[in-house]
**Q** 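Below is a structure I'd like to ask you about.
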Amino acid sequence: MRFSLLIFAGLLAIATAKSYDGYQVLTVVPKTEAEVAMVRKSATHLELDQWTDPKAVGAPIDFLVAPEKFTSFKKFLNHKRINFSVKMVDVQKVIDEQAAQHATSKSSRAFDHTAYHDLQEIYNILDGVGSDFPSLISHYTAGTTYEGRDIRVTAVSSGGGGSRDAIWIDCGIHAREWVSPATCQWILDQLTSGYGSDAAITTMMDTYDFHIMTVTNPDGYAYTWNSDRLWRKNRVPYQGCHGTDDNRNFDSNFGGPGTSNNPCSDTYHGPSAFSEAETQAVRDAVLALGSRARMFITIHSYSQYWMTPYGYDYVLPANYDEQYRVAGIAVSALTAVHGTQFVYGNIADVIYLASGGSSDWAYDSAGIQYAYALELRDTGNWGFLLPPEQIVPTGEETWAGIMAAINAMQ
Ligand code: 0X9
Ligand code: ZN
């Protein structure tokens, strides 16, 4: 009886989830500015979900394309002789395979980097590390989401009574970027298991406290597990659609270029700056650190970028050279681990203008001199559906980069 109920619940979950049956990921490589403009126009017209938007001409642009839109889009590309290839032939198949992998992996209160974890599992894991390392770990709730979920921060400190300089790291502000919360779990594991056994980690933890928000957008993250694997925003309803893009909701040129005032858009900036529980939580937790906060890192995927402010304008921050220097050291250390290449520089030049982002706010308003937005693996072979086998190497290289950045600060 219980078994058939379980099957029924499983079928119900599958039946209500958004299906990506027959969807493909196409990568388009425009060779000129004119081609870029044509591709953008066609994609907007067809209402395609554009997954990447690199600034450089000749860099690949990835699109998620629904089956009913293939013909028109491919016809357009062929007609204009614009290069493209199919990166993923059946998106739903990949989602299903990864879901099956999760079903066989066990949820527990210990770190497990072989699989992605749903929200409840992550909260269990955070509880577990808290009880395993009571002298290093304390949790606090920085806010409560629209659906009533806790937005948690894990504070890691080896002592000092809250007087030490602090490093802020947040993951999962965008729901579908699963390798991001997985990487925050990796970092928490390194800090706790490394303290007292790894000399570099021990020295770093005797110098800095870490404040880590593992799932910044819990409602959105839960929704990617139970309803739509490729959901990006939070889940607050606005005028018939759902969700604000939390990374357009900060008070850093709010509503400026690279944002949308349409609640149905994936880059909807929300009704006003800091209208969202998630952005309020980041703001309040970061401001509570005051001048102790030395570095702010916000972790996204994908494209392999290590980015400095600004996203809202092409102007560069006053200390750009210093932020760029440290980013370069971070990227060298990252690449040294598995050979993964990262591009680094200011957001507006590396990707696109995007206003209301958290790292711009961290630099301008919180006054944090090292403010980085990272885009982890990969460059589009899997995109947001990065296989769980890549959690460990991604964690290893990202953590090497972050440690090098911290140690390179002046
Ligand atoms: O567009 C974004 O929010 C980020 N890219 S993503 O594909 N992960 O959505 C880039 C964030 C850059 N940061 C700022 N614009 N401040
Ligand atoms: Zn993102």
Side-chain angles (χ1 to χ4, degrees), residues 25 49-55 59-64 170-184 213 215-217 220-221 224 230-234 243-260 265-270 273 276 278-279 282-283 286 296-317 323 327 342-366 368 370-380 382-386 394 398:
V25 178
D49 182 0
Q50 188 169 338
W51 277 9
T52 63
D53 194 5
K55 187 122 190 301
I61 312 180
D62 299 342
F63 295 97
L64 173 69
D170 65 76
C171 291
I173 195 168
H174 286 145
R176 62 192 174 187
E177 299 165 8
W178 282 9
V179 77
S180 169
T183 298
C184 266
M213 193 177 261
V215 188
T216 304
N217 171 12
Y221 189 71
T224 61
L230 297 171
W231 187 257
R232 166 182 168 94
K233 304 183 286 178
N234 72 12
T244 289
D245 181 349
D246 286 319
N247 207 35
R248 300 291 181 279
N249 190 245
F250 286 75
D251 191 9
S252 45
N253 196 23
F254 176 81
T259 72
S260 171
S265 161
D266 250 353
T267 51
Y268 176 50
H269 51 51
E276 307 305 301
E278 298 80 18
T279 55
V282 173
R283 175 195 64 193
V286 169
F296 176 99
I297 299 181
T298 182
I299 300 187
H300 294 252
S301 75
Y302 62 96
S303 288
Q304 298 174 194
Y305 300 138
W306 192 295
M307 298 181 291
T308 78
Y310 289 114
Y312 64 70
D313 198 335
Y314 291 107
V315 299
L316 297 172
Q323 293 202 63
F342 265 56
V343 170
Y344 62 103
N346 59 312
I347 296 159
D349 284 324
V350 171
I351 41 171
Y352 40 76
L353 284 172
S355 306
S358 67
S359 59
D360 287 358
W361 170 84
Y363 177 77
D364 275 353
S365 300
I368 303 177
Y370 300 89
Y372 296 115
L374 273 49
E375 300 280 355
L376 307 187
R377 291 188 186 196
D378 57 9
T379 54
W382 299 96
F384 303 120
L385 301 175
L386 192 74
T394 302
T398 306

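When a ligand or atom number is given, it counts from 1 through the structure's own listing order.
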**Q** Where do Gly256 and Ser355 come nearest, in terms of heavy atoms and distance?
**A** C-OG, 3.2 Å

**Q** Sort out for me which residue in Asn247, Thr244, Asn234 forms a side-chain hydrogen bond (donor to acceptor under 3.5 Å, both in side chains) with Glu278.
**A** Asn234

**Q** Side chains of Thr279 and Asn249: any donor to acceptor distance under 3.5 Å?
**A** yes

**Q** Which of parallel (below 30°), tilted (30 to 60°) and perpendicular (above 60°) describes Phe250 and Trp361?
**A** tilted

**Q** Please report the closest heavy-atom contact between Ala354 and Asp360, naming both atoms and the distance.
**A** O-OD2, 4.3 Å

**Q** Any non-hydrogen side-chain atom of Tyr372 less than 4.5 Å from a side-chain atom of Tyr344?
**A** no

**Q** Looking at CZ of Phe384 and NE2 of His174, how far apart are the two atoms once the value is rounded to the nearest 0.5 Å?
**A** 9.0 Å

**Q** Is any protein N, O or S atom closer than 2.8 Å to the Zn ion (ligand 2), and if so, which?
**A** His174 ND1, Glu177 OE1, Glu177 OE2, His300 ND1

**Q** Given salt bridge (Lys or Arg N to Asp or Glu O under 4.0 Å), test Arg232 with Asp49 step by step and report yes or no.
**A** CA-CA 11 Å; Arg232 166 182 168 94; Asp49 182 0; over 6 Å; no

**Q** Show the protein residues that qualify under the rule heavy atom under 4.0 Å from an atom of ligand 1, listing them in chain and number order.
**A** His174, Glu177, Arg232, Asn247, Arg248, His300, Ser301, Ile347, Ile351, Tyr352, Ala354, Gly357, Ser359, Asp360, Glu375

**Q** When you compare the side chains of Asp170 and Thr298, does any donor N or O come within less than 3.5 Å of an acceptor on the partner?
**A** yes

